[in-house]
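Because the structure is predicted, anything quoted here is derived from the model rather than measured. Per chain, numbering begins at 1; letters A, B, ... match sequence-line order.
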Amino acid sequence: MPELPEVETTRRGIEPHVKGKRVTDVIVRQRQLRWPIPKNLKRLLVGQVVSSVERRAKYLLLTTKAGTAIVHLGMSGSLRVVNKKSMPELHDHVDIVLSSAKALRLRDPRRFGALLWVKGDPMQHALLKGIGPEPLDDVFDAEYLYRKSRGRRVSVKQFIMNSHIVAGVGNIYASEALFLAGINPVRQAGRVSRARYVKLVGAIKHVLTKAIKFGGTTLRDFTHEDGKPGYFANELNVYGRQAEPCPQCGTAIKLRVQGQRATYYCALCQAG
DNA sequence: AATCGCGCCTGACGGC
DNA sequence: TGCCGTCAGGCGCGAT
């Protein structure tokens, strides 16, 4: 499941192959992703030079003079740099063919991803406009999170997964950060102390930074631009480890569902 | 304004 | 073996 570290890993992987290259063709094999891929994408993109490859939240932004392609990897998406002559496989929905020998290939078995186009400032696009600060940005600090959380009755886990509060924290890293901070995931966001938000912000930054260093977490579909997996799955303390011993205290890791999503936690270490 | 639940989609898995 | 139901989950959206 691509979360921020996986998208950032992808961005870093594709950037050297894409930036400064001209788009020579766009091949769409499956248009029906979360939203349909614009029918005129090929006309818009062909001939354009990709001037930058950026990330905002879990969105990738391929910017040209004419506009920006917005890519979301959804649940199962990956972007690979392939030889432009290599045969597409099942679920390889789009090739963005480049002026080099390469093509950027979007694979997305579950098709929860998206490939959209925006003219002008991409940050003004409806999908990006309301998104909260980047978690690795300095403006994302304990004071911000504390202030935003006052009066909120949702669980602290759902609170930090709200992209309007902070960008890019998904289900895996929310569980991991709450474990590192020793916070009970079901506690109401508005009832978490300032001191605990200091710990939580530190934990979020730490786990995301570390996951990027490991090239992200590959559980099933996610791969790097070269098709290789990320290795952070080995570093996960609680996610997916129901009934395994807590790495801190040995108590069995628990699983519960919050907002229709699995939360993994240690009831002893995260009593607070 | 905040919160809740739905639905998009495929592949893996368990039960029979 | 094979079929079928269930689950996984990011996240926008509509309803409350």
[X] and [Y]: which non-hydrogen atoms are nearest, and at how many Å?
X        : Y        : result
A:Pro135 : A:Leu208 : CG-CD1, 3.5 Å
A:Leu98  : A:Leu104 : CD1-N, 4.4 Å
A:Thr209 : A:Lys205 : OG1-O, 2.6 Å

Mind checking if A:Leu127 touches a base, just sugar-phosphate, or nothing, with heavy atoms under 4.0 Å?
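Sugar-phosphate, no base atom in range.
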When all nucleic acid strands are considered with a 4.0 Å heavy-atom cut-off, which category describes A:Ala126: base, sugar-phosphate, or nothing?
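Nothing, no nucleic acid heavy atom in range.
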Non-neighbouring partners of [X] that pass side chain to side chain contact (heavy atoms under 4.5 Å, CB included), sequence neighbours left out:
X        : value
A:Ser99  : A:Lys21, A:Arg22, A:Thr24
A:Pro245 : none
A:Asn40  : A:Pro38, A:Arg43, A:Leu44

Just N and O in the side chain of [X]: are any of them under 4.0 Å from OP1 or OP2 of [N]?
X        : N      : result
A:His72  : C:dC11 : yes
A:Tyr239 : C:dA8  : no
A:Lys58  : C:dG10 : no

A:Asp138, CG: over 12 other non-hydrogen atoms inside 6.0 angstrom
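Counting other residues, nucleotides and ligands, CG of A:Asp138 stays at 12 neighbours or fewer.
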[X] [atom1] - [N] [atom2] separation (whole Å):
X        : N      : atom1 : atom2 : answer
A:Leu4   : C:dG9  : CG    : P     : 18 Å
A:Lys148 : B:dA1  : NZ    : P     : 12 Å
A:Trp35  : C:dG12 : CH2   : P     : 6 Å
A:Glu3   : C:dA8  : CD    : P     : 16 Å
A:Glu89  : B:dG11 : CD    : P     : 13 Å
A:Gln258 : C:dG10 : CD    : P     : 13 Å

Measure all distances between protein nitrogen or oxygen atoms and nitrogen or oxygen atoms of nucleotides 8-10 of chain B, and list the pairs falling under 3.5 Å.
unit_1: B:dC9; atom_1: O4'; unit_2: A:Arg110; atom_2: O; d: 3.4
unit_1: B:dC9; atom_1: O3'; unit_2: A:Arg111; atom_2: NH2; d: 3.2
unit_1: B:dT10; atom_1: OP1; unit_2: A:Arg111; atom_2: NH2; d: 2.4
unit_1: B:dT10; atom_1: O4'; unit_2: A:Pro109; atom_2: O; d: 3.4
unit_1: B:dT10; atom_1: O3'; unit_2: A:His91; atom_2: NE2; d: 3.2

Check: residues 263-272 of chain A side-chain donor-acceptor pairs under 3.5 Å, at least two apart:
unit_1: A:Thr263; atom_1: OG1; unit_2: A:Lys157; atom_2: NZ; d: 2.9
unit_1: A:Thr263; atom_1: OG1; unit_2: A:Gln258; atom_2: OE1; d: 2.7
unit_1: A:Gln270; atom_1: OE1; unit_2: A:Cys266; atom_2: N; d: 2.8
unit_1: A:Gln270; atom_1: NE2; unit_2: A:Leu178; atom_2: O; d: 3.3
unit_1: A:Gln270; atom_1: NE2; unit_2: A:Ile183; atom_2: O; d: 2.9

Using the closest heavy atom to pick a nucleotide of DNA chain C for each, name whichever of A:Leu255 or A:Tyr59 lands nearer the 5' end.
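Of the two residues, A:Leu255 wins.
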Five-pair end axes of the helix from B:dA2-C:dT16 to B:dC16-C:dG2, angle between them (10°):
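Here the local axes at opposite ends form an angle of 50°.
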With A:Val53, the side-chain contact (heavy atoms from CB on, under 4.5 Å) member among A:Leu62, A:Leu61, A:Thr10
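Single pass found, and it is A:Leu62.
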Using side-chain contact (heavy atoms from CB on, under 4.5 Å) as the criterion, point out the one residue from A:Ile14, A:Leu60, A:Leu33 that pairs with A:Val71.
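Passing option: A:Leu60.
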Applying side chain to side chain donor-acceptor pair (under 3.5 Å), can you list everything that pairs with A:Ser193, at least two apart in sequence or on another chain?
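With sequence neighbours excluded, A:Ser193 shows a side chain to side chain donor-acceptor pair (under 3.5 Å) to no residue whatsoever.
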Test side chain to side chain donor-acceptor pair (under 3.5 Å) applied to A:Arg194 - qualifying residues, sequence neighbours left out:
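Once residues adjacent in sequence are excluded, the partners of A:Arg194 under the side chain to side chain donor-acceptor pair (under 3.5 Å) criterion are A:Glu143.
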Can you give me the N/O atom pairs linking the protein to nucleotides 14-16 of chain C at distances under 3.5 Å, or say none if there are none?
none

For [Y], is there an ion pair with [X] - N to carboxylate O distance below 4.0 angstrom?
X        : Y        : answer
A:Glu225 : A:Arg80  : no
A:Asp25  : A:Lys42  : yes
A:Glu235 : A:Lys210 : yes

Sub-3.5 Å pairs of nitrogen or oxygen atoms, protein against nucleotides 2-6 of chain B:
unit_1: B:dT3; atom_1: OP1; unit_2: A:Arg153; atom_2: N; d: 2.6
unit_1: B:dT3; atom_1: OP1; unit_2: A:Val154; atom_2: N; d: 3.2
unit_1: B:dT3; atom_1: OP2; unit_2: A:Arg152; atom_2: NH1; d: 3.0

Listing request: all ring-ring contact (aromatic ring centres under 6.0 Å, His included) pairs with a residue in residues 57-92 of chain A, at least two apart in sequence or in separate chains.
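Output for this query lists A:Tyr59-A:His72.
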Using a cut-off of under 3.5 Å, enumerate the N/O to N/O pairs linking the protein to nucleotides 2-4 of chain C.
none

